[in-house]
Amino acid sequence: MEDVHKKGFDADLVWNDLEDCCLNGVSCSQCQGKDCTIGYAKQCIENFRKFPKKEVAEGVELIPTMDLKPYDEAVLETAIAHILKECKDCKEDHTENCIINVIRNCYEVGLFGDPHPYEGSALQYLMYLKNNFPGHSVRIADLYMKQNEN
């Protein structure tokens, strides 16, 4: 069972966040499916629900990084905080194609314009954001910490 997350994965939470992020054709006239970062992430979750594996084959490579739709920043910040909560802080066991990493990268494309490095630690990632995206980092860290209080 090495390919399944040890602490589980709340696919419903992630799906709800993706639904909140989705522009539902408002800025794109019709759904672009896997050619949209959010559509691609939704496809990854749908596949996970059918076959719950930790890895997404070629996950990071297939993220549509040229998607420049105007997503709601606050919704993406919330989604990033939630996906960080799902992270298992695997540190040296981190893999780029982990479903959590792939989904977070999709959110990053929508919020920052491109994916960013992740070292397998939510705390390190929050520090990275603080140094590179101070405005977003404060809101993401606040949302993340509030989740950890529960």
Side-chain angles (χ1 to χ4, degrees), residues 3-5 7-90 93-122 124-144 146-147:
D3 60 342
V4 177
H5 279 289
K7 296 180 187 173
F9 176 65
D10 190 345
D12 292 335
L13 171 71
V14 176
W15 179 261
N16 291 336
D17 283 342
L18 289 167
E19 283 289 303
D20 289 344
C21 292
C22 183
L23 299 173
N24 294 311
V26 173
S27 296
C28 43
S29 73
Q30 68 180 28
C31 181
Q32 298 170 333
K34 65 181 170 88
D35 294 328
C36 160
T37 55
I38 299 304
Y40 175 71
K42 287 169 84 173
Q43 179 184 17
C44 290
I45 294 299
E46 287 173 346
N47 291 341
F48 178 85
R49 286 177 166 166
K50 292 175 192 167
F51 308 101
K53 294 186 177 183
K54 177 181 173 182
E55 299 286 319
V56 176
E58 299 180 273
V60 172
E61 294 171 31
L62 297 176
I63 294 172
T65 56
M66 297 308 292
D67 181 11
L68 303 174
K69 287 189 228 47
Y71 294 102
D72 185 311
E73 291 185 358
V75 173
L76 286 169
E77 290 167 348
T78 299
I80 289 173
H82 287 168
I83 203 73
L84 288 176
K85 178 76 170 157
E86 293 299 304
C87 178
K88 308 309 171 211
D89 280 326
C90 52
D93 292 330
H94 169 73
T95 61
E96 288 298 302
N97 290 323
C98 165
I99 189 164
I100 294 170
N101 191 65
V102 171
I103 302 296
R104 195 196 68 261
N105 283 168
C106 289
Y107 294 146
E108 291 169 341
V109 170
L111 186 59
F112 307 122
D114 54 1
H116 292 276
Y118 190 80
E119 303 295 326
S121 165
Q124 282 182 314
Y125 179 75
L126 290 170
M127 290 170 42
Y128 168 82
L129 290 182
K130 182 179 179 182
N131 291 330
N132 294 281
F133 303 97
H136 292 297
S137 73
V138 170
R139 291 185 293 275
I140 292 169
D142 185 49
L143 291 164
Y144 176 77
K146 285 180 180 172
Q147 289 180 98

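Of the possible donor and acceptor atoms, none in the side chain of Tyr107 sits under 3.5 Å from a partner among the backbone N and O of Ala81. The backbone N or O of Val109 sits nowhere less than 3.5 Å from a side-chain atom of Asp114 that would complete a donor-acceptor pair.
A donor-acceptor contact closer than 3.5 angstrom links the side chains of Tyr128 and His116.
The two atoms that bring Ala79 and Asp17 nearest to each other are CA-OD2, 3.7 Å, heavy atoms only. Here the closest non-hydrogen pair linking Thr65 and Pro115 is CG2-CD, 4.1 Å. Scanning all heavy atoms of the two residues, the minimum distance from Gly110 to Tyr71 falls at CA-CD1, 3.8 Å. Minimum interatomic distance between Leu18 and Ala41 (heavy atoms only, all atoms of both residues): CD2-CB, 3.5 Å.
Electrostatic pairing of Glu86 and Arg104 does not count as a salt bridge here, judged by no charged N lying under 4.0 Å from a carboxylate O. Residues Asp12 and Arg49 are paired through a salt bridge, judged by an N-O separation under 4.0 Å between the basic side chain and the carboxylate.
Less than 6.0 angstrom separates the ring centroid of His136 from the ring centroid of Phe112.
For the pair Arg139 and Tyr144, the cation-pi test (distance below 6.0 Å, angle within 45°) is failed.
The 12-atom threshold is not exceeded at CD of Glu119, counting heavy atoms of other residues, nucleotides or ligands nearer than 6.0 Å.
Here the CD1 atom belonging to Ile140 is positioned 10.0 Å from the CD atom belonging to Glu73, to the nearest 0.5 angstrom.
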